[in-house]
Student: 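Below is one structure. I have some questions about it.
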Amino acid sequence: MRARTSLFFHKLAHKLPVLRQRPLLATLLIALLVLTLLMTGCTNDEAAGTATGSSSSSDSRKETAGDTRIVSSSSRDGDSLSSSPFASNASSASTAAPDTATFGIIYPMAHPYYETVTESAKAAAALHGVRLIVKAPDEANLEQQIRMMETMIASQVDGIALDPIDAEALVPVINKAVQAGITVICFESDSPTSKRAAFIGTDHAAAGAQMGHMLSELLGGRGMVIVETGMTRMKSLSERLEGMLSYINEQTDIQVLEVQYNEGNETRALAQLEKMIDDHPHFDALVSMDALSGSASVLVWKAQGLNRYSLTFGMMPEIQEAIQNGQITASLSQNEQLWGTRIIERLLQASAGETLPLFDDTGTLEITQEDISLLYGIR
């Protein structure tokens, strides 16, 4: 690990002129590198201490989805988070101090996109001696998310970070948690009419407009586009789509041929994308508004050998590799690597009686093949 870290800083010195010109990119690249080193270290520890069978990422997500997982500062060795963002050692709860704060994170679904959030939250929780419970439906499911909230309320956790599937439908259970003395913050997607204490994420309308600008730059202000997005009632996705469509309609001559909603279902995302391509064979670009659509686009581009522009939101190893290999043209990162740490820090501040900022803006950053090449060069 020491040798790898030294090599990183040696290579980084040669990249400083480029990184000084793009400080936000530099921050993202360094954060991703540190996270990669941490995850590599955890994987090595796991290999030395446990023997695990191999399985597909889909099977792994289904096995762990919906289960309560607890991490304490004394239980990092032996965890198995490298194969799934939600797996950890539940027996570690017994080693935690009785007065240790317990925080929960609830995702909209089990998906590798959230692995970065889990890893950074886990590291921050270990640093501060916090027990962490992470839950997610196997697929986007409002009723399951509500039940997970109810379970955490009954367990009397100290704080909950929620990525709500439906901003309005989750208001009653969010308010119930707050009335029970539990701090609730939202991340990625907000529920502003609830009594949640804060929102961590980005201005999605502005991010959508930024995506529209990226698309216009590629197409020269005109062309034909197909769009796939996720859940109809997820506030972040609605705002993102509206922001992009408003920019396209007002600033360009780009024609949006079709918009499809996968509703958080991977199979549907893939089938809808293949059908749109069949129905509109002369399209110029695809915009994937959510993680499932982005993953589906990589599969289709590989299978069909398409040579069209493909843009998406968010970063995960699969998308990094797709950008490097040319299946994805560019991605608009929401700086997801900041969310996990920020969640733990804000919940700790709330536990100490501090007032939280209502909007914790983590910004956005466009990532292209050139940027990924720079990242791989540093590594």
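All residue numbers refer to positions in the sequence shown, counting from 1. Please read these numbers as outputs of a predicted model, since none were measured by experiment.
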Student: For the residue pair Y113 and E318, confirm or rule out a side-chain donor-acceptor distance under 3.5 Å.
Tutor: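 Looking only at side-chain atoms, E318 and Y113 do not form any donor-acceptor pair under 3.5 Å.
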Student: Is there side-chain contact between V225 and F283, with at least one heavy-atom pair below 4.5 Å?
Tutor: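 No. Closest side-chain heavy atoms not under 4.5 Å.
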Student: Looking at every heavy atom in both M276 and V227, which two are closest together, and how far apart are they?
Tutor: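 Nearest pair, atom of M276 first, then V227: CE-O, 3.6 Å.
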Student: Return yes when atom CZ of R233 has more than 12 non-hydrogen atoms of other residues, nucleotides or ligands closer than 6.0 Å, and no otherwise.
Tutor: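 No, because the 6.0 Å sphere around CZ of R233 holds 12 heavy atoms or fewer from other groups.
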Student: Indicate yes or no: at least one non-hydrogen side-chain atom of I105 is less than 4.5 angstrom from one of I133.
Tutor: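 No, their side chains stay 4.5 Å or more apart.
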Student: Less than 4.5 Å apart, any side-chain heavy atom of M211 and any of V287?
Tutor: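 Side chain of M211 against side chain of V287, heavy atoms only: contact under 4.5 Å found.
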Student: Show your reasoning for whether side chain to side chain contact (heavy atoms under 4.5 Å, CB included) applies to I160 and T183.
Tutor: CA-CA 6 Å; I160 300 172; T183 300; over 6 Å; no
Student: Ignoring hydrogens and geometry beyond distance, is a side-chain donor-acceptor pair present between E258 and Q260 at under 3.5 Å?
Tutor: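 Yes, because at least one side-chain N or O of E258 sits under 3.5 Å from a partner of the opposite role on Q260.
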Student: Within the structure provided, determine whether T252 and R222 are in side-chain contact (heavy-atom separation under 4.5 Å).
Tutor: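 No. Closest side-chain heavy atoms not under 4.5 Å.
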Student: Could you check whether any side-chain heavy atom of P112 comes within less than 4.5 Å of a side-chain heavy atom of P317, counting everything from C-beta outward?
Tutor: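 Result no, sub-4.5 Å side-chain heavy-atom pair not found.
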Student: Can a donor-acceptor pair be found between the side chains of Q327 and S310 at a distance below 3.5 Å?
Tutor: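 Judged by distance alone, the side chains do not pair up.
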Student: Are Q349 and R346 close enough that a side-chain donor and a side-chain acceptor fall under 3.5 Å?
Tutor: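 Yes, a side-chain donor-acceptor pair sits under 3.5 Å.
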Student: For the residue pair S120 / Q337, report whether a side-chain donor-acceptor contact shorter than 3.5 Å exists.
Tutor: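 No - no donor-acceptor pair under 3.5 Å links their side chains.
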Student: Is the H204 ring parallel, tilted or perpendicular to the F199 ring (thresholds 30°, 60°)?
Tutor: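 It falls in the tilted class, 30° to 60°.
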Student: Determine, stepwise, if the pair S297 / L273 fulfils side chain to side chain contact (heavy atoms under 4.5 Å, CB included).
Tutor: CA-CA 7 Å; S297 73; L273 179 53; 3.9 Å; yes
Student: Against R196, only a single residue in D190, L162, I185 fulfils side-chain contact (heavy atoms from CB on, under 4.5 Å); can you say which?
Tutor: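 Exactly one candidate clears the test, D190.
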Student: Are K235 and E239 close enough for a salt bridge, meaning some N to O gap below 4.0 Å?
Tutor: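 Here K235 pairs with E239 in a salt bridge, since their nearest N and O are under 4.0 Å apart.
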Student: If we only count heavy atoms from C-beta on, is the L257 to Q255 side-chain gap below 4.5 Å?
Tutor: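 Answer yes - side chains close enough.
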Student: Could you tell me whether R342 sits above the aromatic face of F187, with NZ or CZ closer than 6.0 angstrom to the six-membered ring centre and within 45 degrees of the axis?
Tutor: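 Judged by the rule (NZ or CZ under 6.0 Å from the ring centre, within 45° of its axis), R342 is not positioned above F187.
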Student: If we ignore angles and hydrogens, is there a donor and acceptor under 3.5 Å between the side chains of S295 and E266?
Tutor: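 No, because no side-chain N or O of S295 sits under 3.5 Å from a partner of the opposite role on E266.
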Student: Do T364 and Q210 have side chains that get closer than 4.5 Å, going by heavy atoms?
Tutor: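 In short, these two side chains touch, coming nearer than 4.5 Å.
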Student: Does either side chain, that of W339 or that of T362, offer a donor lying less than 3.5 Å from an acceptor on the other one?
Tutor: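 On atom types as modelled, these side chains qualify, holding a pair under 3.5 Å.
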Student: Do Q334 and R240 get their side chains close enough for a donor-acceptor pair, meaning under 3.5 Å?
Tutor: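 Yes, because at least one side-chain N or O of Q334 sits under 3.5 Å from a partner of the opposite role on R240.
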Student: Side chains of L215 and Y247: does their closest heavy-atom pair fall under 4.5 Å?
Tutor: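 L215 vs Y247: side chains apart.
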Student: Heavy atoms only: give me the nearest S189-S236 pair and the separation to one decimal.
Tutor: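 Scanning both residues, the minimum pair turns out to be OG-N, 3.0 Å.
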Student: Treating Ile, Leu, Val, Met, Phe, Trp and Tyr as nodes and any side-chain heavy-atom pair under 4.5 angstrom as an edge, say whether F313 and M244 lie in one connected cluster.
Tutor: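 Looking at the clustering, M244 is in the same group as F313.
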Student: Does any donor atom in the side chain of N262 or S293 lie under 3.5 Å from an acceptor atom in the other side chain?
Tutor: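 Indeed, the side chains of N262 and S293 share at least one donor-acceptor pair under 3.5 Å.
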Student: Is NZ or CZ of R131 both nearer than 6.0 Å to the six-membered ring centre of F103 and within 45° of the ring axis?
Tutor: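 Ring-cation test returns no.
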